[in-house]
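To keep things clear, I will list the structure first and then write my remarks on it.
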Amino acid sequence: MGPVHRPTAGQLRRFFAAAISGIVAAGIFIGIADLLARFFAPASSPLIALGNSVIELAPPAVQDVAISIFGSSNKLVLVLGMGIGGAVLAAGIGLLARRRLGLACGTFAAVAAVLLATVVSRPETSLSDLVPTALGAVSGVAALVVLIRASGSSASGSPAESSAPGASEPSQRNSVGEEDERPSRRMFLTLTAAGTVAAAASLSLGRSVGAFTRTAGATISELVLPSPAVRAAAIPAEAVVDIDGVEPFITPNDEFYRIDTALAVPELTPQEWSLRIHGLVEEEVTLDMPQLLDLPLEEHHITLTCVSNPVGGDLLGTATWLGYPVRELLAQARPLPEADMVLSRSVDGFTASTPLEALTDSRDSLLAIGMNGDPLPAEHGFPARLVVPGLYGYVSATKWVIELEVTRFDQDTAYWTDRGWDEKAPVLVSSRIDVPGSLQEVDSGDVVIAGSAWSQQEGIEKVEVRIDDGEWQEAEMAAEVSADTWRQWRYVYADADSGRHSVTVRATNAAGETQTDERRDPIPNAATGQHRIEFRVS
Ligand SMILES: Nc1nc2c(c(=O)[nH]1)N[C@H]1C(S)=C(S)[C@@H](COP(=O)(O)O)O[C@H]1N2
Ligand SMILES: [Mo]
């Protein structure tokens with residue numbers, strides 16, 4: 001049953017040695033590049049640049065799933081996928097190197113060239129950001145040559161000879177006795193181990209060294225926020241239901257949800273930052289950080305919401321934002337009458353298309369630099385971002401914002417609108433039950449039900465709940481802080497019978513619009529439906 005050319009143990013060993021050589025060489029390439037990338041833009045790491053490009057090129061359907069699953073956490077699956085794909089490719093190059101070392105090095109260089117092109121194509125990189133990938137690639141190729149030679153699986157010592165036409169099978173040389181192979185095998189194992197350690201160390205060192213070399217962390221604490229010219233009133237006690245399990249009215253910065261299309265958080269110092277307002281304007285305006293800090297800044301409590309938030313989901317939060325009204329900046333630039341949209345652009349390439357009106361009317365649209373008393377955290381747009389009350393984040397809340405292009409909806413599109421989401425996306429009236437938790441067991445007697453409701457720009461007028469699909473009952477409302485923030489509510493389900501129950505919530509905004517019970521997916525302009533949970537009374 002055995003085939004005629006059944007591989008010998010030696011051949012198998014050489015096969016694996018070659019594949020491993022390729023993988024270790026690739027590891028050294030990526031590890032060194034990633035380590036050096038700490039001293040350049042984050043996207044100068046080929047891993048980050050490739051990951052970002054994969055995210056952008058992914059079909060919208062895949063992206064929608066990805067954003068709902070990985071929206072707020074790191075994109076582990078993507079990184080794993082790239083790792084496995086890269087390892088397979090690297091093993092292939094290693095196998096090629098057994099026969100044709102020169103060709104394998106050429107293939108390695110070609111892959112490196114693709115990664116170099118990816119790095120330089122990123123909006124947040126410049127030519128000097130090619131250095132990490134270039135040096136990584138050189139190290140990787142060198143490692144490949146050394147390992148393949150040590151493994152004894154290359155046809156000959158010289159790449160030129162090995163790629164010569166009709167190069168003889170390596171078996172001649174490799175069929176020498178075991179004694180001869182042993183020292184070279186030990187050498188190969190040593191080199192492989194050293195290479196693996198070097199690759200792993202530089203990868204993890206790159207990740208941890210980041211904290212020290214990264215300028216953003218230091219510059220964030222150095223940025224001193226001026227005291228606001230217009231201060232937001234403190235959240236009054238009446239605005240809070242004060243029930244365990246209800247989300248705090250102001251979301252702490254480190255608990256605030258996060259939606260990023262980019263794999264790595266952009267690093268932009270206040271010194272590098274400037275905002276350019278251009279396009280359909282009478283006068284181009286450029287603003288740098290010292291100028292922005294000198295302006296009379298305003299503080300406002302605003303609830304920010306993601307269009308991808310499912311019914312009952314937690315992709316929203318409220319913060320006290322400090323910034324300068326965008327309306328004032330646009331007034332300096334004087335948009336032309338034909339303009340109807342502002343395309344804001346982030347340093348990471350993300351764009352959002354916001355109706356011009358939402359940035360020029362009386363609402364508190366901010367070019368924000370502060371969040372809950374601190375400079376914006378790096379993840380939330382340091383040093384500057386937009387916050388627009390009443391619109392979902394994807395059409396308004398550009399983080400790391402560096403450009404406002406005044407334009408028209410019929411001339412330009414933005415990151416998510418290019419991927420099937422609606423151009424106009426005002427926040428829908430919505431509500432959520434925080435307490436009791438889904439399927440929670442609660443004590444009999446009076447059961448407290450509580451949560452929040454929001455309809456930014458309109459404000460919440462009324463929240464109703466119904467138990468076991470009975471009559472709608474009005475909940476008690478906590479005081480409204482502003483029309484732009486969520487509003488907490490509570491309802492006491494008196495003398496609850498033991499057993500299983502359901503509760504459903506619906507909100508009505510100040511314009512008299514009541515939340516529909518019709519279930520709809522988030523795409524293309526937010527989920528609808530009423531939040532309903534089941535709980536058990538003991
Ligand atoms: N540069 C950039 N800005 C962005 C995004 C992004 O992916 N990149 N996501 C947007 C979306 S979809 C939302 S909902 C908000 C979320 O802001 P947060 O991450 O601070 O909560 O930011 C918006 N601004
Ligand atoms: Mo979003």
Side-chain angles (χ1 to χ4, degrees), residues 42-43 48 51-52 55-56 58 60 63-64 66-75 122-124 247 250-268 273 275 302-310 313-321 323 342-354 365-372 374-404 414-422 425-428 430 454 456 486 522-527:
I48 301 294
N52 283 345
I55 291 169
E56 283 176 21
Q63 277 205 331
D64 296 337
I67 203 114
S68 60
I69 302 176
F70 316 117
S72 292
S73 60
N74 43 16
K75 286 111 176 157
R122 300 300 313 159
E124 65 271 47
E247 269 203 38
I250 295 291
T251 317
N253 288 358
D254 56 0
E255 283 166 34
F256 209 93
Y257 80 100
R258 246 182 89 187
I259 303 288
D260 299 325
T261 55
L263 256 190
V265 173
E267 288 164 20
L268 185 59
W273 180 85
L275 180 76
I302 298 167
T303 299
L304 183 63
T305 349
C306 182
V307 70
S308 297
N309 192 40
D314 55 8
L315 294 180
L316 76 162
T318 303
T320 307
W321 306 95
V342 173
L343 189 70
S344 52
R345 186 169 279 112
S346 163
V347 72
D348 68 5
F350 175 91
T351 50
S353 51
T354 311
S365 298
L366 294 177
L367 171 64
I369 57 169
M371 184 176 183
N372 296 331
D374 286 320
L376 292 174
E379 298 79 11
H380 295 287
F382 184 80
R385 72 171 306 167
L386 296 178
V387 178
V388 178
L391 300 183
Y392 288 114
Y394 82 100
V395 288
S396 66
T398 304
K399 302 188 274 187
W400 314 286
V401 64
I402 53 167
E403 207 183 302
L404 301 183
Y415 189 93
W416 286 112
T417 55
D418 283 341
R419 288 161 175 79
W421 295 75
D422 278 3
V427 173
L428 305 180
S430 196
W454 57 95
Q456 293 92 314
W486 54 16
I523 192 163
N525 62 16

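Atoms within each ligand, like the ligands themselves, are counted from 1 in listed order.
- Counting the atoms of ligand 1 from 1 in the order shown, those under 4.0 Å from a heavy atom of C306 are 14 (S).
- Residues P522 and V307 are not in side-chain contact: their nearest non-hydrogen atoms beyond the backbone lie 4.5 Å or more apart.
- The CG atom of L268 lies 8.0 Å from the OG atom of S346; values are rounded to the nearest 0.5 Å.
- Taking only non-hydrogen atoms, the option from R385, E379, R345 nearest to atom 15 (C) of ligand 1 is R385.
- Each of the atoms 1 (N) of ligand 1 lies under 4.0 Å from some heavy atom of S346.
- With 3.5 Å as the limit, one finds a donor-acceptor pair spanning the side chains of T318 and W486.
- The atoms of ligand 1 that sit less than 4.0 Å from any heavy atom of L304 are 17 (O).
- Checked by distance only, ligand 1 and W416 stay at 3.5 Å or farther apart across all their nitrogen or oxygen atoms.
- Interface atoms of ligand 1 facing T261, defined by a heavy-atom separation under 4.0 Å, are 6 (C), 7 (O).
- Salt bridge status for K399 with D348: absent, with no side-chain N to carboxylate O gap under 4.0 Å.
- Every atom of ligand 1 with a heavy atom of D348 under 4.0 Å away is listed here by number and element: 1 (N), 8 (N).
- Side-chain N or O atoms of W321 include one that pairs as donor or acceptor with a backbone N or O of I302 at under 3.5 Å.
- How far CG of L275 is from CZ of R345: 12.0 Å, rounded to the nearest 0.5 Å.
- With a 4.0 Å cut-off on non-hydrogen atoms, L315 does not touch ligand 1 at all.
- Looking at heavy atoms from C-beta onward, W400 lies out of side-chain contact with W273 at the 4.5 angstrom threshold.
- The closest side-chain heavy-atom distance from V265 to E267 is not below 4.5 Å.
- Scanning Y257, F256, W421, Y392 for the heavy atom closest to atom 14 (S) of ligand 1 points to Y257.
- Counting heavy atoms under 4.0 Å from ligand 1, residue Y394 touches it through both backbone and side chain.
- Here atom 5 (C) of ligand 1 lies nearest to I259 when heavy atoms of I259, N253, N309 are compared.
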